[in-house]
Amino acid sequence: MLDLKYIRQHPEEVKEALIKRNEMAPIDEILELDERWRTLLADVQGLKHQRNVTSKEISQMKEKDQVLIEEMRRLGEEIKALDQEVKSIEEELNRLLLQLPNLPHPLVPVGKDESENVIVRQEGEPREFDFEPLPHWDLGPTLGIIDFKRGVKLSGTRFYILQGLGAKLQRALITWMLDLHTQEQDYKEIYPPFVVKEEIMLGSAQLPKFYDNLYHDVEDDIWLVPTAEVPLTNLHRDEILEPGTLPLHYVAYTPCFRREKMSAGRDVRGIKRVHQFDKVEMYKFTTPEKSDSELEAMITDAEEICRQLGIPYRAKQLCTGDLGFAAAMAYDLEMWAPGCGEWLEVSTLSNCRDFQARRANIRFRREPGAKPEFVHTINGSGLALPRTMIAILENYQEPDGSIVIPPVLRPYMGGLEKIPAHRRADI
RNA sequence: GGAGGGAUGGCAGAGUGGACUAUUGCGGCGGUCUUGAAAACCGCAGUGGGCGUUAAGCCCACCGGGGGUUCGAAUCCCUCUCCCUCCGCCA
């Protein structure tokens, strides 16, 4: 959420920044409401002051003045009416503010859409194949490690089953990534709930805008997380962190649930875009002046996963037109997948600055007794599992159809070096 | 799921309609004393918002959330959430 006071004081700057994101923001409407709100608020506060003073006078009278009390009763009614009006303006104002995306960081390249993102780095040479590399949607079923049909049978389109060494490979990846982030890097592991309350979705800015993309249980009014970013953002909700607490680095493995209503018809084959997937997510709470460098550090941490897996990848800085709703600055990491022939987005790393902190009311003090300030928050995948699996299967495939297991994962696979090509007859 | 008890400031814990401008203790900050520290003593305190130039200052709101009664609510009523105890069920 943007700061209403900031919008009030810098309306033109806010408008221009949002135009860079291709946003039609109702800034004028907000300013108008704000004006009315402040006028009414001043009025009603004056009346309340009068009531407070007079009530005190009444309390000190030996003989109650019935005329005065009657007058106060009418004042009370007037206050109640005005209060309601103030509240309804606040609600409208809040509704509009919750729909405004974050302002782009001044250093973000201006661009209309993803075609204007900037490749900032590329590492690892795409492997030369002396045979035609297969896409994972062929490899998986042939190897007997992905079962699309039974996934659909159980849960419908865009669900799948991992089995045997496929399931084990994913589990190995999760454990290895968590170990890397917690042991070689400085993240604290969190096991959060996978369902959360509505206000938690509002706090990390999934709601109200992405309502269509979330699974919601109406009976208990509870929401399935689309990413661990949601519970992690809200870990310190409504807290004031004491001096010296920041930065905080967290990492969590969770399944992620997405309805993908907005992507109907896109990426329908394979496991690139599915309703349920696993992800290891990094998250940081920092001071405002450190958030830029902490984002850079997190990108390096995510790249380390790509590097150690030995998969060619590139880092892209997102232009203003492609930034996520809550992000002020963001980078994508993409792994090369030779089978389906595309760069797969395996991580988006974003600095949200104080946007989520303001929504979730997460603050810190610089010094004991100092005024609380909003923290900055940073999130990034490290990494999303299905796409990492795709990249491994497609990059490490052999002519005989087997898959070489990346060396870093072998200790997590019981020393296994290959997923063999032959499959068991009963599956 | 059933029955009962709770929620007050950083923490503990009083307060059952007007002196609450929330008692007190601990902790915190500043000071006095001291070579220094402790102790003792004195003083200051939270959060959000409006007005005001970004100052001084004035004002409003906040005792788990929301609503109500009243001239006036931490206090009375309704409702929701969460916590605790016991019972039932359960991996």
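All chains are named by letter (A, B, ...) in the order of the sequence lines, taking the proteins before the strands, and each is independently numbered beginning at 1.
- Applying the salt bridge (Lys or Arg N to Asp or Glu O under 4.0 Å) criterion to A:D3, with sequence neighbours excluded, gives A:R358.
- Comparing the C1' positions of B:C63 and B:G6 gives an interatomic distance of 15 Å, to the nearest angstrom.
- Rounded to a whole angstrom, the distance from the C1' atom of B:C62 to that of B:A22 is 13 Å.
- Every ring-ring contact (aromatic ring centres under 6.0 Å, His included) that A:H181 has, sequence neighbours left out, goes to A:Y187.
- Applying the ring-ring contact (aromatic ring centres under 6.0 Å, His included) rule to A:Y283 yields the partners A:F285; only residues at least two apart in sequence or on another chain are considered.
- The C1' atoms of B:C42 and B:G52 are separated by 34 Å, rounded to the nearest whole Å.
- Note: CD1 (A:I58) to P (B:G17) measures 19 Å, nearest angstrom.
- Sorted by first and then second residue, the pairs that involve residues 1-56 of chain A and meet ring pair (Phe, Tyr, Trp, His ring centres under 6.0 Å), not counting sequence neighbours, are A:Y6-A:H10.
- Between A:K48 and B:C71 there is no side-chain polar atom (N or O) within less than 4.0 angstrom of OP1 or OP2.
- Across B:C60 and B:G5, the matching P atoms stand 38 Å from one another, rounded to whole Å.
- In this structure, the CE atom of A:M72 is 9 Å from the P atom of B:G72, given to the nearest Å.
- Mapped onto RNA chain B by nearest heavy atom, A:K197 and A:Q50 fall at different nucleotides, with A:Q50 at the one closer to the 5' end.
- Between B:G46 and B:C29, the distance separating the two C1' atoms is 13 Å to the nearest Å.
- Atom C1' of nucleotide B:G68 and atom CD of A:E77 are separated by 14 Å, given to the nearest angstrom.
- Rounded to whole Å, the distance from CG on A:L47 to C1' on B:C51 is 15 Å.
- Screening residues 216-232 of chain A for salt bridge (charged side-chain N to carboxylate O under 4.0 Å, His left out), with sequence neighbours left out, gives no hits.
- Counting only Watson-Crick and G-U wobble pairs whose two key distances fall under 3.5 Å, RNA chain B forms stems of three or more stacked pairs at B:1-7 with B:81-87, B:10-12 with B:24-26, B:28-32 with B:40-44, B:46-51 with B:57-62, B:64-68 with B:76-80.
- A gap of 16 Å separates the C1' atoms of B:G50 and B:U54, to the nearest Å.
- Checking each of A:R353, A:R363, A:R366 against A:E373 for a salt bridge (Lys or Arg N to Asp or Glu O under 4.0 Å) leaves exactly one that passes, namely A:R366.
- Here ring pair (Phe, Tyr, Trp, His ring centres under 6.0 Å) pairs that include residues 345-366 of chain A, with residues two or more places apart or in two chains, are A:F325-A:F355.
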Output a table of donor-acceptor pairs, distance under 3.5 Å, between side-chain atoms of residues 188-212 of chain A and any protein atom two or more places apart or on a different chain; print 'none' if there are none.
{"from": "A:S204", "atom 1": "OG", "to": "A:I200", "atom 2": "O", "distance (Å)": "3.4"}
{"from": "A:Q206", "atom 1": "NE2", "to": "A:S204", "atom 2": "O", "distance (Å)": "3.4"}

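- Note: CG (A:L40) to P (B:C60) measures 18 Å, nearest angstrom.
- A pairwise comparison of heavy atoms in A:L383 and A:V346 identifies CB-O, 3.8 Å as the closest pair.
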Distances under 3.5 Å only, N/O to N/O: pair up the protein atoms with those of nucleotides 43-50 of chain B.
{"from": "B:U47", "atom 1": "OP1", "to": "A:R365", "atom 2": "NH1", "distance (Å)": "3.1"}
{"from": "B:U47", "atom 1": "O3'", "to": "A:R363", "atom 2": "NH1", "distance (Å)": "2.9"}
{"from": "B:G48", "atom 1": "OP1", "to": "A:R363", "atom 2": "NH1", "distance (Å)": "2.7"}
{"from": "B:G49", "atom 1": "N2", "to": "A:Q45", "atom 2": "OE1", "distance (Å)": "3.4"}
{"from": "B:G50", "atom 1": "OP1", "to": "A:R8", "atom 2": "NH1", "distance (Å)": "3.4"}
{"from": "B:G50", "atom 1": "OP1", "to": "A:R8", "atom 2": "NH2", "distance (Å)": "3.3"}

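- Between A:K56 and the phosphate of B:A19, there is no side-chain N or O to OP1/OP2 separation shorter than 4.0 Å.
- Toward the 5' end of RNA chain B, the nearer of the two residues A:I69 and A:S59, judged by each one's closest nucleotide, is A:S59.
- Rounded to an integer number of Å, the gap from A:L68 CG to B:C71 C1' is 8 Å.
- Going from atom CD of A:E70 over to atom C1' of B:U70 covers 13 Å, rounded to whole Å.
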Check nucleotides 65-67 of chain B against the protein and report each pair of N or O atoms closer than 3.5 Å, with its distance, or say if there are none.
{"from": "B:G67", "atom 1": "OP1", "to": "A:K87", "atom 2": "NZ", "distance (Å)": "2.9"}

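- Identified under the salt bridge (charged side-chain N to carboxylate O under 4.0 Å, His left out) test for residues 80-92 of chain A, with sequence neighbours left out: A:K48-A:D83, A:E92-A:R95.
- Counting non-hydrogen atoms under 4.0 angstrom, A:N52 reaches the backbone sugars and phosphates but no base.
- Closest approach of A:E281 to A:A228, counting heavy atoms only: CB-CB, 3.7 Å.
- For the C1' atom pair drawn from B:U47 and B:G10, the interatomic distance equals 13 Å after rounding to whole Å.
- OP1 or OP2 of B:C59 has not a single side-chain nitrogen or oxygen of A:H49 nearer than 4.0 Å.
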Distance-only check: which donor-acceptor pairs under 3.5 Å involve side-chain atoms of residues 164-172 of chain A, not counting sequence neighbours?
{"from": "A:Q170", "atom 1": "NE2", "to": "A:D278", "atom 2": "OD2", "distance (Å)": "3.3"}

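- In this structure a side-chain-to-backbone donor-acceptor pair under 3.5 Å is missing from A:D322 to A:E116.
- The P atoms of B:A37 and B:U32 are separated by 11 Å, rounded to the nearest whole Å.
- In this structure, A:R74 places its CZ atom 12 Å from P of B:C71, rounding to the nearest Å.
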